[in-house]
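Below, chain A is the first sequence line, B the second, and so on; all start at residue 1.
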Amino acid sequence: MLHLYNSLTRKKEPFHPLRAQQVKLYVCGMTVYDFCHLGHARVLVIFDVLTRYLRSAGLEVTYVRNITDLDDKIIQRAKDNSESVKTLTDRFIAALREDEKALYVLPPTRCPRATEYIQEMLTLIQTLVEKKYAYVVDNGDVYFDVHRFTPYGKLSKKTVSELMAGARVEIDLHKHSPVDFALWKAAKPDEPSWKSPWGYGRPGWHIECSAMAMACLGNTFDLHGGGIDLQFPHHENEIAQSEAATGEPFVKRWMHVGFVEVNQEKMSKSLGNFFTVRELLAKFPAEAIRYLILSSHYRSPLNYSEDQLHTAGQNVEKFYLALRDLPSLTGKVPTFLNSSYESAFHQAMEDDLNTPEALSVLHALVHEINKHKGEEKAVPLALLLKSLANVLGLLQQEPNEFLRAHHAHETLKDSEIEKLIQERNEARHKKDWRKADSIRTHLEAQGIILEDGSAHTLWRRR
RNA sequence: GGCUGGGUGGUAGAGAGGCUAUACAGCGGACUGCAAAUCCGUGGACGUCGGUUCGAAUCCGGCCCCAGCCUCCA
């Protein structure tokens with residue numbers, strides 16, 4: 001039985017979808033004005049693993065992850081670049097798709113864009129105005145009346161009075177209360193705007209997710225996720241808007257992914273400790289990034305260092321080395337292999353996606369395969385390893401494809417390497433160790449590692 | 001100041017009232033012409049002070065320290 005931590009109750013709870021065997025999941029995606037960084041990648045990978053896991057357990061998952069293509073920063077960035085909002089967002093959506101693909105993140109079922117759901121947002125805001133949960137001010141802004149929604153704060157465990165006490169002094173004169181938030185902002189010159197009953201304007205940030213989530217998944221759905229920084233105010237406000245409008249519960253369970261930190265500080269642009277997915281991919285294999293993300297629990301902070309990413313890569317290499325040199329790894333996992341590894345793996349995953357534990361099971365399996373290398377027994381174990389690792393989106397490549405990929409710069413061509421190996425083996429045959437070693441040293445300097453087996457010599461790139 | 005989470009071996013990181021986490025690094029050995037990979041073995045930990053208990057790193061309390069949120073952020 002899968003147990004997931006619910007931010008709403010702050011407890012691990014057994015997971016029962018509203019409709020048996022069908023899961024509806026919404027995740028807050030990117031605001032597309034720049035490249036994805038490791039923090040974004042963490043969210044992408046974690047929810048990718050969740051959907052892979054649920055599907056592997058036979059559940060049908062509708063996974064919706066939105067794209068915020070309308071927001072202050074986007075507008076600002078487009079101005080800075082003197083380009084249109086659309087050109088800017090299209091470009092970074094394309095970049096996002098590339099990053100996802102490179103990281104073996106499966107595409108969500110749907111990726112709604114905020115600008116395509118303006119009508120749904122307007123309808124929602126209108127309902128809130130009618131129900132007096134929202135008020136229109138004379139300049140055409142529409143605000144949500146937080147005091148009217150009594151459960152406000154149930155997700156972030158804040159109370160309205162605490163928030164009032166901590167509120168900044170610069171109170172927006174249009175708002176009735178500093179804790180109120182904008183549903184609709186009156187148009188400013190040079191900004192994209194849409195026609196509304198309150199004049200031209202554009203939606204506030206939070207309303208888009210309520211509108212898109214409910215449009216795609218219904219008024220009440222199973223899971224809503226995102227980075228922990230979205231818990232307040234974004235998710236709190238989503239709850240308020242949605243539940244005030246429909247009178248129904250919005251989301252059964254909330255999941256929040258912890259931060260990526262560098263030197264025990266949150267990864268952020270202002271601190272300059274910011275790594276984009278593409279710059280990491282230029283130096284490390286994608287699966288090393290995935291492994292790093294999965295090697296800590298999704299709710300804990302993930303401490304990033306290049307060193308650790310390197311270690312993660314070594315671990316992935318170790319997995320591939322176990323699979324290398326085994327015949328026909330294409331079949332299914334034999335059913336007779338009712339192994340304890342499989343149940344241990346699932347037990348770990350069922351415990352709020354304990355991926356570090358799951359990885360340790362895979363290591364045990366690797367060890368078992370290595371012990372039985374060359375025996376028939378190794379093949380079904382390897383198949384099992386592959387199938388379990390696939391649930392985590394790991395071992396997506398052929399062993400040699402991974403082991404021989406050049407991660408840094410272009411080195412020698414495969415054919416040149418094989419020629420040198422042949423030359424070296426001739427020297428070895430004549431016991432000319434000096435020559436053999438000099439070839440090996442030469443190859444090593446190019447990042448090529450040789451392994452002399454009893455039958456032939458294997459090679460890989462470092 | 002208020003509210004959340006945390007503090008585990010050299011590093012990263014699970015677990016958890018009595019039983020080896022795991023990985024990387026280290027050390028010894030096997031294999032190898034030497035390596036590499038692999039195997040066998042091995043040292044090393046639970047912030048601090050008290051309490052509960054037959055027994056606590058694990059439960060309770062004080063203290064110290066760290067991160068996050070309260071403002072845009074994955």
Side-chain angles (χ1 to χ4, degrees), chain A residues 7 10 27-31 34 36-47 65 68 71-73 76 153 156-159 161-168 170 178-179 205 225-234 236 256-261 264-270 291-292 294-297 299-305 307-318 321-322 324-325 348 351 354-364 366-367 369-374 403 428 431-434 436-437 440-441 444 448-454 457-460 462:
Chain A
S7 303
R10 308 277 156 116
V27 172
C28 289
M30 306 314 131
T31 301
D34 211 334
C36 290
H37 68 246
L38 190 55
H40 300 111
R42 190 179 192 193
V43 173
L44 296 174
V45 168
I46 292 301
F47 288 104
R65 196 185 61 221
T68 299
D71 135 285
D72 293 349
K73 279 190 219 168
Q76 188 56 49
S156 56
K157 312 296 173 207
K158 295 178 192 303
T159 64
S161 56
E162 274 165 20
L163 288 166
M164 293 289 283
R168 301 294 156 100
E170 21 134 355
V179 292
W205 173 37
I228 184 73
D229 47 352
L230 296 182
Q231 192 174 76
F232 188 88
H234 187 236
E236 194 68 62
H256 291 100
V257 176
F259 285 125
V260 175
E261 294 176 2
Q264 290 167 324
E265 283 175 316
K266 175 179 167 179
M267 180 176 279
S268 77
K269 273 190 173 168
S270 50
Y291 190 101
L292 176 71
L294 298 176
S295 68
S296 79
H297 186 86
R299 284 189 282 118
S300 306
L302 172 64
N303 225 317
Y304 170 79
S305 72
D307 229 45
Q308 265 183 257
L309 186 48
H310 178 253
T311 302
Q314 279 179 285
N315 279 295
V316 177
E317 181 178 72
K318 193 173 171 142
L321 284 170
R324 182 181 63 175
D325 222 20
D351 182 15
N354 192 338
T355 52
E357 183 86 38
L359 287 173
S360 85
V361 175
L362 298 189
H363 278 288
V366 164
H367 192 225
I369 292 166
N370 285 333
K371 273 206 282 197
H372 297 287
K373 257 300 170 59
L403 295 167
R428 285 174 67 217
K431 296 202 193 302
D432 184 353
W433 309 127
R434 247 179 79 106
D437 289 353
R440 187 171 59 196
T441 312
E444 203 185 341
I448 316 296
I449 314 263
L450 300 189
E451 295 170 44
D452 296 326
S454 50
T457 298
L458 299 169
W459 67 271
R460 65 194 149 96
R462 187 165 28 218

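Residues forming a side chain to side chain contact (heavy atoms under 4.5 Å, CB included) with N315(A) (at least two apart in sequence, or on another chain): Y291(A), T311(A), H363(A). Residues meeting the side chain to side chain contact (heavy atoms under 4.5 Å, CB included) test with E357(A), sequence neighbours left out: A348(A), N354(A), S360(A). In this structure, the ring pair (Phe, Tyr, Trp, His ring centres under 6.0 Å) partners of H37(A), at least two apart in sequence or on a different chain, are H40(A), F274(A). Considering only residues two or more places apart in sequence or on other chains, S156(A) meets the side-chain hydrogen bond (donor to acceptor under 3.5 Å, both in side chains) condition with E236(A). In this view, H256(A) and S7(A), Q231(A), H235(A) satisfy the side-chain hydrogen bond (donor to acceptor under 3.5 Å, both in side chains) rule, not counting sequence neighbours. With sequence neighbours left out, the side chain to side chain contact (heavy atoms under 4.5 Å, CB included) criterion links V43(A) to V27(A), F47(A), V257(A). With sequence neighbours left out, P301(A) forms a side chain to side chain contact (heavy atoms under 4.5 Å, CB included) with E261(A). Partners of W205(A) under the side-chain hydrogen bond (donor to acceptor under 3.5 Å, both in side chains) rule, at least two apart in sequence or in another chain, do not exist in this structure.
Between W433(A) and A35(B) there is no side-chain polar atom (N or O) within less than 4.0 angstrom of OP1 or OP2. Remark: S300(A) is in phosphate contact with A14(B), judged by side-chain N or O atoms under 4.0 Å from OP1 or OP2. Put simply, K157(A) has no side-chain N or O that comes within less than 4.0 Å of OP1 or OP2 on G2(B).
Rounding to whole angstrom units, NE2 of residue H256(A) and P of C69(B) are separated by 13 Å. For Q231(A) and C3(B), the CD to P distance is 16 Å, given to the nearest whole Å.
The H37(A) side chain lies nearest to A74(B) when the options are A36(B), C70(B), A74(B).
Among the duplex regions that RNA chain B forms, those built from at least three successive Watson-Crick or G-U pairs under 3.5 Å are B:1-7 with B:64-70, B:10-12 with B:22-24, B:26-30 with B:38-42, B:47-51 with B:59-63, ordered by first number.
The residue D229(A) sits close to a base: some heavy atom pair falls under 4.0 Å. Among the protein residues, D437(A) comes within range of the nucleic acid bases, having at least one heavy atom under 4.0 Å from a base atom. Within the 4.0 angstrom heavy-atom criterion, no nucleotide atom of any strand lies near R434(A).
The shortest heavy-atom contact between A322(A) and I369(A) is O-CG2, 3.6 Å.
Donor-acceptor pairing under 3.5 Å, judged by distance alone, is absent between the side chain of R42(A) and the base of A74(B).
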Can you pull every protein N or O that's under 3.5 Å from an N or O on nucleotides 27-32 of chain B?
none

Between N or O atoms, less than 3.5 Å apart, protein on one side and nucleotides 65-67 of chain B on the other: list the pairs.
residue: A67(B); atom: O2'; partner: E261(A); partner atom: OE2; Å: 2.7

Distances for protein N/O vs nucleotides 20-24 of chain B N/O pairs under 3.5 angstrom?
residue: A23(B); atom: O3'; partner: N315(A); partner atom: OD1; Å: 3.4
residue: A23(B); atom: O2'; partner: N315(A); partner atom: OD1; Å: 2.3
residue: A23(B); atom: O2'; partner: N315(A); partner atom: ND2; Å: 2.7
residue: C24(B); atom: OP1; partner: K318(A); partner atom: NZ; Å: 2.9
residue: C24(B); atom: O3'; partner: Q314(A); partner atom: NE2; Å: 3.3

